[in-house]
Amino acid sequence: MDFSSLNFPGGKSPDFGSNAAAPISLDLQKGFTLDLSKPNGASLSEVRVSLIWDPVIQGTDVDIDLSAFLLHNGKITSAADVVYFNTPKNGPASSYVLHSDDSRTGAEASGDDEDEWIQINLDRVPANVTSIVFVANIFNYQINNQTFGVVRSLARITDSATSKRLADFALSNDYATDSAIILGAVERQNGSWVFNTIGEGMMADLNGMLARFQ
């Protein structure tokens with residue numbers, strides 16, 4: 001399955017606003033589990049996973065793409081299981097997945113506002129989708145000789161219904177030599193949902209990460 005044509009120019013993402021609650025701040029580390037439940041124990045209805053970045057050297061463009069893989073017992077079964085900024089808005093997963101469109105430089109949003117995000121309506125995820133894996137990769141990393149070492153970046157988990165920020169995961173110096181990161185996965189657990197961090201960096205493009213789930 002070849003997804004080499006997935007990267008195309010796109011738009012910019014919206015701003016959550018300044019009234020969002022302060023998140024938990026953590027380094028992205030394998031094995032951390034974030035419970036996606038309300039205080040009363042009910043599951044959240046919608047979550048956003050977002051990416052925020054700025055180049056270390058001002059004036060340098062770095063195009064990072066945030067994508068999601070809709071897994072069926074750990075596997076991608078078709079192109080419809082890949083969600084990225086150019087996924088058709090009326091595509092097969094459009095009833096429960098929304099992508100913000102593309103940020104080509106990280107400069108479209110200001111401060112710590114989201115540059116790219118993917119929103120999941122957890123109530124509508126089909127039963128045969130057992131987990132949703134989120135990945136980030138630098139477009140044209142080989143041509144531009146870029147890794148995550150040239151940006152200051154973090155991943156954010158937000159309760160979309162309330163705009164409450166649940167956690168920020170800093171993409172620390174551990175990824176300074178990597179062009180791609182498997183960030184983590186929203187997964188079913190005991191009738192509810194959790195976000196499990198993976199934090200696996202590699203030198204790869206989107207195809208390279210897809211190969212891990214085929």
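Computed from a predicted model, the values in this text were never measured in an experiment.
- A salt bridge (charged side-chain N to carboxylate O under 4.0 Å, His left out) check over residues 203-214, counting only residues at least two apart or in different chains, returns the pairs E200-R212.
- In this structure Y141 satisfies the ring-ring contact (aromatic ring centres under 6.0 Å, His included) test with no other residue, sequence neighbours excluded.
- Side chains of W193 and V125 form a contact here, defined as non-hydrogen atoms less than 4.5 Å apart.
- Without hydrogens or angle criteria, Q119 side chain to S100 main chain gives no donor-acceptor distance under 3.5 Å.
- Residues D115 and L51 have side chains not in contact (no heavy-atom distance under 4.5 Å, counting atoms from C-beta outward).
- Counting only distance, with no hydrogens or angles, the side chain of S78 and the backbone of A80 share a donor-acceptor pair below 3.5 Å.
- At a threshold of 4.5 Å between side-chain heavy atoms, the hydrophobic network of Ile, Leu, Val, Met, Phe, Trp and Tyr places V56 and W53 in two separate groups.
- Of the possible polar contacts, one joining the H99 side chain to the L66 backbone as a donor-acceptor pair under 3.5 Å is found.
- Annotation: side-chain hydrogen bond (donor to acceptor under 3.5 Å, both in side chains) contacts of S37 (sequence neighbours excluded): D35, S192.
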Apply side-chain contact (heavy atoms from CB on, under 4.5 Å) to N144 and V150, showing your working.
-> CA-CA 11 Å; N144 297 322; V150 302; over 6 Å; no

Go through T87 and V97 one step at a time and tell me if the side-chain contact (heavy atoms from CB on, under 4.5 Å) criterion holds.
-> CA-CA 10 Å; T87 295; V97 183; over 6 Å; no

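- At distances below 3.5 Å, not a single donor-acceptor pair connects side-chain atoms of D63 with backbone N or O atoms of F139.
- Annotation: D123, atom CG; neighbour count of heavy atoms from other residues, nucleotides and ligands within 6.0 Å is above 12.
- The heavy-atom pair separating N137 from M209 by the smallest distance is CB-CE, 3.6 Å.
- Considering only residues two or more places apart in sequence or on other chains, F69 meets the ring-ring contact (aromatic ring centres under 6.0 Å, His included) condition with F213.
- Distance alone, capped at 3.5 Å, is enough to place a donor-acceptor pair between the R152 side chain and the P55 backbone.
- In this structure D81 satisfies the side-chain hydrogen bond (donor to acceptor under 3.5 Å, both in side chains) test together with H72, T77, sequence neighbours excluded.
- Annotation for I182 and M202: closest pair CD1-CE, 3.6 Å, computed over non-hydrogen atoms.
- Annotation: the span from L44 atom CG to L36 atom CG amounts to 5.5 Å, rounded to 0.5 Å.
- Under the 4.5 Å side-chain criterion, counting only non-hydrogen atoms from C-beta, L71 is in contact with I76.
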Should T158 and W117 be marked as a side-chain contact (heavy atoms from CB on, under 4.5 Å) after you check the CA-CA gap, both sets of side-chain angles, and the distance that decides it?
-> CA-CA 10 Å; T158 302; W117 52 260; over 6 Å; no

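- Expressed to the nearest 0.5 Å, how far CD1 of I118 lies from OG of S50 amounts to 10.0 Å.
- Within the 3.5 Å criterion, the main-chain N or O of R48 finds no donor-acceptor partner in the side chain of R156.
- T147 places a side-chain N or O within 3.5 Å of a backbone atom of A176 that can act as its donor or acceptor partner.
- Under the 3.5 Å distance criterion, the side-chain polar atoms of S179 are left unmatched by any main-chain donor or acceptor of I138.
- I157 contributes atom CD1, which lies 9.5 Å from atom OG1 of T197 (distance to the nearest 0.5 angstrom).
- The two residues L154 and A170 make their nearest non-hydrogen contact at CB-CA, 4.0 Å.
- V194 and I120 fall into different hydrophobic clusters, where Ile, Leu, Val, Met, Phe, Trp and Tyr are joined by side-chain heavy atoms under 4.5 Å apart, directly or via other members.
- Atoms CG and CG, on D65 and L206 in that order, are 8.0 Å from each other to the nearest 0.5 Å.
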Given the rule in the side-chain contact (heavy atoms from CB on, under 4.5 Å) test, do F134 and V186 qualify, once you have shown the distances and angles that lead to the verdict?
-> CA-CA 8 Å; F134 296 87; V186 170; 3.6 Å; yes

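- Looking only at side-chain heavy atoms (C-beta outward), F195 and L166 stay at 4.5 Å or farther from each other.
- Judged as a side-chain hydrogen bond (donor to acceptor under 3.5 Å, both in side chains), and not counting sequence neighbours, the contacts of T33 are N196.
- Note: S67 OG to E116 CD = 7.5 Å, rounded to the nearest 0.5 Å.
- Between F32 and F169, the angle of the ring planes goes over 60°, which puts this pair in the perpendicular group of the 30/60° scheme.
- Between R188 atom CZ and I132 atom CD1 the span is 8.0 Å, to the nearest 0.5 Å.
- When all heavy atoms are compared, the tightest approach of G74 to T130 is N-OG1, 4.0 Å.
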